[in-house]
Amino acid sequence: QFLKQLGIHPDWQFVDVYGMEPELLSMVPRPVCAVLLLFPITEKYETFRTEEEERIKTMGQDVKSSVYFMKQTINNACGTIGLIHAIANNRDKMNFETNSSLKKFLEDSLSMTPEERAKYLETYEAIRVTHESSAHEGQTEAPSIDEKVDLHFIALVNVGGHLYELDGRKPFPVNHGETSDDSFLEDAIEVCKKFMERDPEELRFNAIALSAA
């Protein structure tokens, strides 16, 4: 529904990943071009995030210039930013309606920096309004913009044969190594499992795949 409101043809859909075991993953329609992970921001995670950032700054990493990445400056918009990351890095696979608000946003922001994209989203009524209306349609009460939320969305995508984690709270994309169209879902789920292993007492994890309809 959300994709349709943003002017994307329904040949891709978001589907729940019911579990990380091979037989449950085999139920997810293929191909999969992105995975969104919803997870809790805990002290353990924040410690890890700081260490990871320092490590990458020291050791460096390879990030292809074609990766579309944006910062998050709007509270509680991580779902929207996760969705933009998922679609933007697969835009060659998507069929957009001519008047699609998301298509226009991506075209306008392609040449911008991650910070400029964030600022542009702040002013971009069409996507924000769609996000708010779809959030209110959902089963759970959508958090207000000012409420402190401890759940966060990130996107995992395959760009040029590498698996990237895109999180608007981080200063840059994180390269998780090589992947392929065929192994992408399994590779992305391995990254999700690492999030879960870092916080074994936590149960609030949820993965959603952007799959062919």
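Note: hydrogens, waters and symmetry copies are ignored here, and every other heavy atom, side chains too, is used. As the structure is a computational prediction, the values presented were derived from the model and not from experiment.
No side-chain donor-acceptor contact under 3.5 Å links S109 to the backbone of R117. Judged by distance alone, the side chain of E53 and the main-chain N or O of T50 form no donor-acceptor pair under 3.5 Å. The backbone N or O of K93 sits less than 3.5 Å from a side-chain atom of W12, completing a donor-acceptor pair. For S100 (side chain) and L6 (main-chain N/O), a donor-acceptor pair under 3.5 Å exists by modelled atom type. Under the 3.5 Å distance criterion, the side-chain polar atoms of R169 are left unmatched by any main-chain donor or acceptor of Q72. A donor-acceptor pair is defined here as one N or O able to donate and one able to accept, closer than 3.5 Å; such a pair exists between the side chain of S180 and the backbone of S183. Not a single donor-acceptor pair under 3.5 Å links the side chain of N175 to the backbone N or O of Y164.
R91 forms no cation-pi arrangement with F96, by the criterion of a distance under 6.0 Å to the ring centre and an angle within 45° of the ring axis.
Using cut-offs of 30° and 60° for the angle between ring planes, the H152 and F39 rings count as perpendicular. Y124 and F105 have perpendicular rings, their planes meeting at more than 60° on a 0 to 90° scale where under 30° would count as parallel.
Taking each heavy atom of L156 and A188 in turn, the nearest pair found is CD1-O, 3.6 Å. The two residues T179 and L163 make their nearest non-hydrogen contact at CG2-N, 3.7 Å. Residues L166 and Y68 come closest through the heavy atom pair CD1-O, 3.7 Å. Between N89 and S66, the shortest heavy-atom distance links the atoms OD1-O, 4.0 Å. Nearest approach of A155 to H85, heavy atoms of both residues: CB-CB, 3.7 Å. C33 approaches M94 most closely through the heavy-atom pair SG-CE, 4.0 Å.
The CG atom of L151 sits 8.0 Å away from the CD1 atom of I41 when rounded to the nearest 0.5 Å. Note: Y120 OH to I127 CD1 = 8.0 Å, rounded to the nearest 0.5 Å. To the nearest 0.5 Å, atom CG of residue D167 and atom NZ of residue K71 are 8.5 Å apart. Distance check, rounded to the nearest 0.5 Å: NZ of K103 to CG of D108 gives 11.0 Å. Interatomic distance, CG of D187 versus CD of E190, reported as 7.5 Å (0.5 Å rounding).
For the pair T80/F153, no side-chain contact is recorded, criterion being any heavy-atom separation below 4.5 Å from C-beta on. A heavy-atom distance below 4.5 Å is not found between the side chains of P173 and E165. Using a 4.5 Å heavy-atom cutoff, the side chains of V174 and I56 are in contact. Using a 4.5 Å cut-off on side-chain heavy atoms (C-beta onward), L3 and L83 make contact. Looking at V35 and F184, their side chains come closer than 4.5 Å, going by heavy atoms from C-beta outward. Y45 is not listed as a side-chain neighbour of E202, based on a closest heavy-atom distance of 4.5 Å or more. Side-chain contact between L37 and N206: absent, with no pair of heavy atoms (C-beta onward) separated by less than 4.5 Å. In this structure the side chain of I84 reaches within 4.5 angstrom of the side chain of L102, judged on heavy atoms.
No more than 12 heavy atoms of other residues, nucleotides or ligands sit less than 6.0 Å from atom CD of E178. No more than 12 heavy atoms of other residues, nucleotides or ligands sit less than 6.0 Å from atom CD of E43.
A chain of hydrophobic side-chain contacts below 4.5 Å, direct or via other Ile, Leu, Val, Met, Phe, Trp or Tyr residues, connects I87 to I74. Under the 4.5 Å side-chain heavy-atom criterion for grouping Ile, Leu, Val, Met, Phe, Trp and Tyr, M112 is connected to I81 within one hydrophobic cluster. Under a hydrophobic-cluster definition in which Ile, Leu, Val, Met, Phe, Trp and Tyr are linked whenever side-chain heavy atoms come within less than 4.5 Å, directly or via other members, L185 and V191 are assigned to the same cluster. The hydrophobic cluster containing V28 also contains M196, counting ILVMFWY residues as joined when their side-chain heavy atoms lie under 4.5 angstrom apart, directly or transitively. Under the 4.5 Å side-chain heavy-atom criterion for Ile, Leu, Val, Met, Phe, Trp and Tyr, V32 and I189 are members of the same hydrophobic cluster.
A salt bridge does not link R49 to E52: none of the charged side-chain nitrogens sits closer than 4.0 Å to a carboxylate oxygen. Taking 4.0 Å as the cut-off between side-chain N and carboxylate O, E115 and K119 do not count as a salt-bridged pair. Using a 4.0 Å cut-off between charged side-chain N and carboxylate O, K193 and E197 make no salt bridge. Of the charged side-chain nitrogens involved, none lies within less than 4.0 Å of a carboxylate oxygen, so that K4 and E97 do not count as a salt-bridged pair.
Applying the ring-ring contact (aromatic ring centres under 6.0 Å, His included) rule to F205 yields no partners; only residues at least two apart in sequence or on another chain are considered. D181 pairs by the side-chain hydrogen bond (donor to acceptor under 3.5 Å, both in side chains) definition with N158, not counting sequence neighbours.
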Check residues 17-27 and write down every donor-acceptor pair under 3.5 Å in which the side-chain atom is one partner and the other belongs to a residue at least two apart or another chain.
from: S26; atom 1: OG; to: E23; atom 2: O; distance (Å): 2.6

